[in-house]
Amino acid sequence: MSESPRFDSTQVTAEAAVPTRRAKPSRLCADGDGGRWPPPGPRLPVLAQTLWWGARPVEMLDTCARRYGDVFRLRLAGGREFVVVSDPALTGEIFTADTDLVRPGVFNWNLDVIFGRTSLPMLDGGAHLRMRRLLLPPFHGEQVARYEQIMAEIADAEIATWPHGTPFRLHDRMLELTFRVIMRTIFGVDDEARRASLAEAFRAVVSAAAPIIFLPGLRHRGGRLGPWARLERRNAERERLLLEVIAERRAQLAGGDDQGDVLTLLIKSRHEDGSPMTDHELSDELKSLLIAGHVTTASALAWFFSLVLARPAVLDRLQAEAAGASTSYLDAVIRESQRLCPPIVHVGRAALRTLRLDDWRIPAGTFLVPSIHLVHRRPDIYPEPEQFRPDRFLNVKPAPYAFIPFGGGPRRCLGASFAHVEMRVAIRAILRQTELRPMRQRAEQPVRVGPPVGPRTGTRVISRRR
């Protein structure tokens with residue numbers, strides 16, 4: 001087998017990052033003969049591995065990578081076999097593999113409880129491609145640019161409510177800010193009471209879903225009083241509120257009132273056969289857009305300030321740039337924070353048949369799991385990977401499989417541009433209006449904060465208005 005290419009982070013380009021299929025034979029193919037199984041991995045009981053994965057995934061990934069290398073196996077509850085991969089070349093193979101070999105939607109099966117079964121993350125093959133085509137126009141660069149002013153207004157209003165001289169968790173404030181952005185730009189919701197009701201309903205679903213996601217055996221158990229029954233009740237309330245919003249927007253559009261939000265654009269879109277999206281399809285897409293665009297971006301912002309506030313030289317340079325129009329250094333710092341502390345630490349694909357992955361035989365049903373966190377920590381891509389060095393991204397375009405905070409391949413997160421613009425707008429507003437002082441000097445420990453990973457203490461700060 002060919003060796004993995006080595007990388008220089010100062011020369012990262014899309015062409016150099018991963019060899020093309022024409023240049024080298026595929027390292028992932030439908031031929032499991034002769035490969036070894038299983039890859040090395042921890043020998044802890046399944047329950048212990050599941051709990052470790054659920055509570056401290058970054059710690060588990062780092063420990064296993066040190067002990068077992070670029071490919072290792074985890075055994076989780078529900079009979080789930082994870083083969084974790086941190087080689088960028090193999091990651092590229094997995095991301096671009098044909099859908100008759102691997103399926104992302106199958107990997108995401110247990111997330112239907114928060115995303116909905118017809119949402120983009122749950123779909124595969126032609127169904128995924130057709131829905132993605134409908135969702136792409138609202139997230140085109142020009143369309144996202146139209147939302148910048150709304151984002152700035154929301155950021156200014158949120159910052160004005162911050163306490164001064166009293167410690168608070170910045171992560172909590174970022175959750176509120178990003179939720180308001182999604183409500184305005186995606187849902188078109190301005191009413192404070194409705195926004196509060198939707199916030200409560202979504203957070204209740206995520207809270208109730210967490211144990212079921214990590215312990216699939218809890219699904220459909222417990223009768224009318226168990227965790228599954230509790231989740232169903234909370235999901236029903238969330239669905240009711242979403243359908244009310246959809247019905248109201250349909251009525252406004254029928255009356256000639258085009259709000260210009262993403263929901264309105266989706267209502268106006270049409271499938272290839274000319275049919276509109278159903279209320280159920282719209283509801284599921286709103287769920288996934290909110291969870292992916294709200295919680296994940298809030299964690300990314302919390303990590304950004306956790307890293308920057310501990311480095312006065314970086315903060316001074318950002319504040320100097322914020323006084324002007326340039327964002328080149330800010331963009332580099334955002335990327336470096338996403339490299340060092342990505343909110344989503346892994347993605348996955350389910351093997352539909354027995355496969356050959358380099359020297360390994362991968363049985364059908366196994367989950368292939370490219371680790372975003374581990375790819376970002378490779379010293380052959382990023383010298384001194386534990387160091388926070390934004391200059392490594394200054395005026396350099398990251399390669400798609402060496403820098404993957406939004407995944408890669410044809411299923412790369414379609415909201416990546418939206419999230420980056422939102423982070424840029426929020427950060428510049430904070431830098432211009434406040435001075436933040438961290439409450440702790442030690443590095444934050446990563447823990448689960450819902451689907452993403454966030455700082456354990458929530459990035460506690462004290463704010464002073466400029």
Exercise for the section: Take the angle between the ring planes of Y382 and F393 and call it parallel below 30°, perpendicular above 60°, tilted in between. Expected result: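 Ring orientation, 0 to 90° scale: tilted.
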When rounded to the nearest 0.5 Å, the distance separating CH2 of W360 from OG1 of T366 is 13.0 Å
Between the main-chain N or O of [Y] and the side-chain N or O of [X], is there a donor-acceptor pair closer than 3.5 Å?
X	Y	answer
R378	A402	no
R238	R234	no
R75	L44	yes

Item checked: ring pair (Phe, Tyr, Trp, His ring centres under 6.0 Å) partners for W53, two or more places apart ->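 Scan of W53 (ring pair (Phe, Tyr, Trp, His ring centres under 6.0 Å), adjacent residues dropped) gives F82, H346.
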Hey, does P42 have a side-chain heavy atom less than 4.5 Å from the side chain of Y68? yes
Checklist line | Distance-minimising heavy-atom pair for M60 and Q49 | finding: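 Closest pair (atom of M60, atom of Q49, distance): CE-O, 3.7 Å.
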Report yes or no: do [X] and [Y] form a side-chain donor-acceptor pair below 3.5 Å?
X	Y	value
S328	D331	no
W303	E444	no
E422	T178	no
Q143	R146	yes

Would you kindly check if the NZ (Lys) or CZ (Arg) of R203 is within the cone defined by 45 degrees around the ring axis of F179 and under 6.0 Å from the six-membered ring centre?
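Geometry flag: set, cation within 6.0 Å and 45°.
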